[in-house]
2 protein chains.
Amino acid sequence: MEEKGKVTIREVAKRAGVSITTVSRVLNGHDIEHMRPETKARVLAAIAELDYVPVRVAQRLRRQKTQVIAVLLPDISNPFFSLLARGVGSVAFEAGYSTLICDSNHSVEKESRYLDILLAEQVEGVVFIPVGQPMMDKVDRLLRRGISIVVADRRVNGLPSVEADNKAGSYQLTEYLLHRGYGRIAYIAGPREVSTARDRLVGFRAAMADANLEPMAVLYGNFTYESGYENARTILQKHVGVDAIMAANDLMAIGAIRAGEDLGLSVPMDVGMTGFDHISLLEFVEPQLTTVHIPAYQMGQEAMKLFLKRAEKGASVEQENQVLETKLIYGKSC
Amino acid sequence: MEEKGKVTIREVAKRAGVSITTVSRVLNGHDIEHMRPETKARVLAAIAELDYVPVRVAQRLRRQKTQVIAVLLPDISNPFFSLLARGVGSVAFEAGYSTLICDSNHSVEKESRYLDILLAEQVEGVVFIPVGQPMMDKVDRLLRRGISIVVADRRVNGLPSVEADNKAGSYQLTEYLLHRGYGRIAYIAGPREVSTARDRLVGFRAAMADANLEPMAVLYGNFTYESGYENARTILQKHVGVDAIMAANDLMAIGAIRAGEDLGLSVPMDVGMTGFDHISLLEFVEPQLTTVHIPAYQMGQEAMKLFLKRAEKGASVEQENQVLETKLIYGKSC
DNA sequence: TTGAAAGCGCTAACAG
DNA sequence: CTGTTAGCGCTTTCAA
């Protein structure tokens, strides 16, 4: 803690009276057993005295690996995604990786710009939650350069992924709703281009078909509160006799609840409602929503683990699509 | 797009039939006006054909600047912080900086570990939202190495900062409450070691004093929903005659509302409530909370701008503490 | 058990 | 107008 300017491995070596090679070795715990303990001690002392910290950038250039992974997601201020990012970060941290979070702000264009940046940044991998269908040329470009990509919360053709079992979860939820005696059900789906949304719809349709029922209506929203509100309004005004509305995520379900209230309907008395995701703000919403828990944090962890696994096994492990279990959450909304 | 392995500036030079210097120059737009257009064209062509992307790590090592700034915050899944981080990121992105988000998970120890990491990462600056009172030795270590630190949403002795005018906002809010006819007010404060919480309390006390009133009670929470719930419960049970509860943030206010409900009290009929922050989930809470808007996104932007300003003006601009205006949000909770 | 030296990919004097 | 060259700070053969 004496020098003013940058302290490099050079000064440490000088101070310890050894070569920089030796310093490097103790830094990386290399030949450390074949080293005279006294030498090691001297180096350690010098490091401490000078408060030396190895410059990561130089290590990266030399080692030709950055130990950086990126999380590319649509919106970091969405608690679902940030929880997922946290999951990635926790595993990454333990494994000595730094995490770069890139927020595409729901813009395909920005997403694609980030893909370019990540290429230049030489990240080793990216946990990717695409806005919609990602630009496969960009993706291929990264892959060709040896950057592995793991898709989270979605499926993309040809890429490994980690997602929840949306189909099963949706089936189960629908089944529960039917058990409760509802049967004239309308569905507010998510965007067609998002696999997650499609799966939930498929699960819903399957459960209905298995009960010999027809949906009263299927409308498409975009996962926002507003689109839930608007679509629910439409449903409740046009389709008389609807006794329940299922939304493909919680945010839309909350919108639907408010729409119902604004039309003077009470949930669940007049109409049942369900969501999907189990986001934490449900805690604050009345009535308590019946929904399906998606393990966002765990999903992030698994995505990172998947990357780690591929990294050590050599690039081409057989393509893997991991599916996490969901859990039905019983509320008071149906 | 022909080569398989890494393509470096060397191959580009070879392909274009020029020296690597020339390639570097067109890359950085340097002597570009003094360059024969044809040469430039050849280089550009080679870059395109080879799909060459400069390796950031090498640039950083050579330039001795990383163009990376970090945001060190307590919890990325808290929408307030992630919004702030987004603000930082937006300005950083425009300025050509990459953003590293570090989540200290409310742990002073992890925060301190991150400070070490950021040192090694050679980030150029950090936007810092400390968990409590930060470890000043670590902080000094970064400063000594030329890494500038801007504190956000808080004040720390000796560091530049950007925060909201919590005192004024709190004063104004209290004043409004008094105007509405409330007067027997209890206050749920935030942690004593957080300047933001202290300022809000001070503003509250000042407004009360100016109205010749005494608080019915002042309890301390930790900014969580649960602590709001518990403290409100205590207040409502012990201090009969309280006609309003002010909480130092929205989350605690929501907890207070629920506590009131659970005790059979209606808001605002039986007891008024106020929050602070204007977090987005208030949209989903009944009754609509009266609160104070804190411009989180803008705060992030300003913090990054402050860093940029200091970066160009040379390190030692006089220390600056920027204060952003707040805005009263009228709800139905009082 | 330790050191000398090459070089990761790039930029910036300094020369022509 | 363009090229030669010397590193940035570190790791890693290869030799001793």
Side-chain angles (χ1 to χ4, degrees), chain A residues 3 5-44 46-47 50-68 96 119-122 124 145-146, chain B residues 3 5-44 46-47 50-68 96 119-122 124 145-146:
Chain A
E3 315 291 78
K6 334 239 118 248
V7 18
T8 76
I9 198 172
R10 238 184 187 72
E11 355 291 350
V12 178
K14 189 174 299 169
R15 175 123 183 173
V18 298
S19 75
I20 62 172
T21 312
T22 302
V23 178
S24 175
R25 282 206 265 255
V26 349
L27 245 30
N28 300 285
H30 269 181
D31 283 329
I32 216 154
E33 58 287 1
H34 304 203
M35 200 182 322
R36 212 164 338 107
E38 195 228 296
T39 311
K40 182 183 164 191
R42 278 220 314 286
V43 171
L44 254 18
I47 289 177
L50 297 173
D51 189 25
Y52 167 68
V53 180
V55 169
R56 292 282 271 144
V57 169
Q59 294 182 315
R60 298 209 239 260
L61 178 59
R62 178 57 235 235
R63 297 207 254 246
Q64 293 291 81
K65 28 184 5 221
T66 53
Q67 300 253 91
V68 172
L119 185 67
E121 287 281 352
Q122 318 260 134
E124 289 179 29
R145 298 292 227 281
Chain B
E3 315 292 77
K6 334 239 116 248
V7 16
T8 76
I9 198 171
R10 237 183 189 74
E11 354 292 351
V12 177
K14 189 175 300 169
R15 174 124 185 173
V18 299
S19 76
I20 61 172
T21 312
T22 302
V23 178
S24 174
R25 281 204 266 257
V26 349
L27 245 30
N28 301 285
H30 269 183
D31 283 330
I32 216 153
E33 57 287 359
H34 304 206
M35 203 182 324
R36 212 167 337 107
E38 193 228 297
T39 310
K40 182 183 164 190
R42 277 221 314 286
V43 171
L44 255 16
I47 289 176
L50 297 173
D51 189 25
Y52 165 70
V53 180
V55 170
R56 292 282 270 145
V57 168
Q59 295 182 314
R60 297 210 238 262
L61 178 59
R62 177 59 235 232
R63 297 209 252 245
Q64 293 290 79
K65 25 185 6 222
T66 52
Q67 301 254 93
V68 172
L119 186 66
E121 287 281 353
Q122 316 260 134
E124 289 180 28
R145 298 291 227 280

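Throughout, protein chains are lettered first and strands after them, A, B, ... in sequence-line order, and every chain is numbered starting at 1.
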Would you mind telling me which of [options] lies closest to the side-chain atoms of [X]?
X: A:T39; options: D:dT5, C:dT1, D:dC10; result: C:dT1
X: B:Y52; options: C:dA5, C:dC10, C:dA12; result: C:dC10
X: A:H34; options: D:dG9, C:dT1, D:dT11; result: C:dT1

Could you tell me how far apart [X] ([atom1]) and [N] ([atom2]) are, to the nearest whole angstrom?
X: A:E121; N: C:dC10; atom1: CD; atom2: P; answer: 14 Å
X: B:I9; N: D:dT2; atom1: CD1; atom2: C1'; answer: 14 Å
X: B:K65; N: D:dG9; atom1: NZ; atom2: P; answer: 16 Å
X: B:I20; N: C:dG9; atom1: CD1; atom2: P; answer: 11 Å
X: B:K14; N: D:dT4; atom1: NZ; atom2: P; answer: 13 Å
X: B:L61; N: D:dT11; atom1: CG; atom2: P; answer: 12 Å
X: B:R10; N: D:dT5; atom1: CZ; atom2: P; answer: 12 Å
X: A:H30; N: C:dG3; atom1: NE2; atom2: P; answer: 17 Å

Separation of [Y] [atom2] from [X] [atom1] (nearest 0.5 Å):
X: A:L61; Y: B:R62; atom1: CG; atom2: CZ; answer: 12.5 Å
X: B:H34; Y: B:K40; atom1: NE2; atom2: NZ; answer: 13.0 Å
X: B:R36; Y: B:T22; atom1: CZ; atom2: OG1; answer: 10.5 Å
X: B:R56; Y: A:R60; atom1: CZ; atom2: CZ; answer: 11.5 Å
X: A:I47; Y: A:E11; atom1: CD1; atom2: CD; answer: 12.5 Å

[N] phosphate, OP1 or OP2, under 4.0 Å from [X] side-chain N/O:
X: B:S19; N: D:dG3; value: yes
X: B:T22; N: D:dT2; value: no
X: B:R36; N: D:dT2; value: yes
X: A:Q64; N: C:dG9; value: yes
X: A:R63; N: D:dT11; value: yes
X: B:Q59; N: C:dT11; value: yes

If I compare all heavy atoms of A:L44 with all of A:V26, which pair ends up nearest, and what's the gap?
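Closest heavy-atom pair between A:L44 and A:V26: CD1-CG2, 3.7 Å.
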Report yes if a donor N or O on one partner sits less than 3.5 Å from an acceptor N or O on the other, where the partners are the side chain of [X] and the base of [N]; otherwise report no.
X: B:T21; N: D:dT4; value: yes
X: B:R25; N: D:dG3; value: yes
X: B:S24; N: C:dA12; value: no

Give B:V57 one of three labels, base, sugar-phosphate or nothing, depending on what nucleic acid heavy atoms sit under 4.0 Å from its own.
nothing
Here's a test of your reading of the structure: between B:K40 and A:R56, which maps to the more 5' nucleotide of DNA chain D?
B:K40
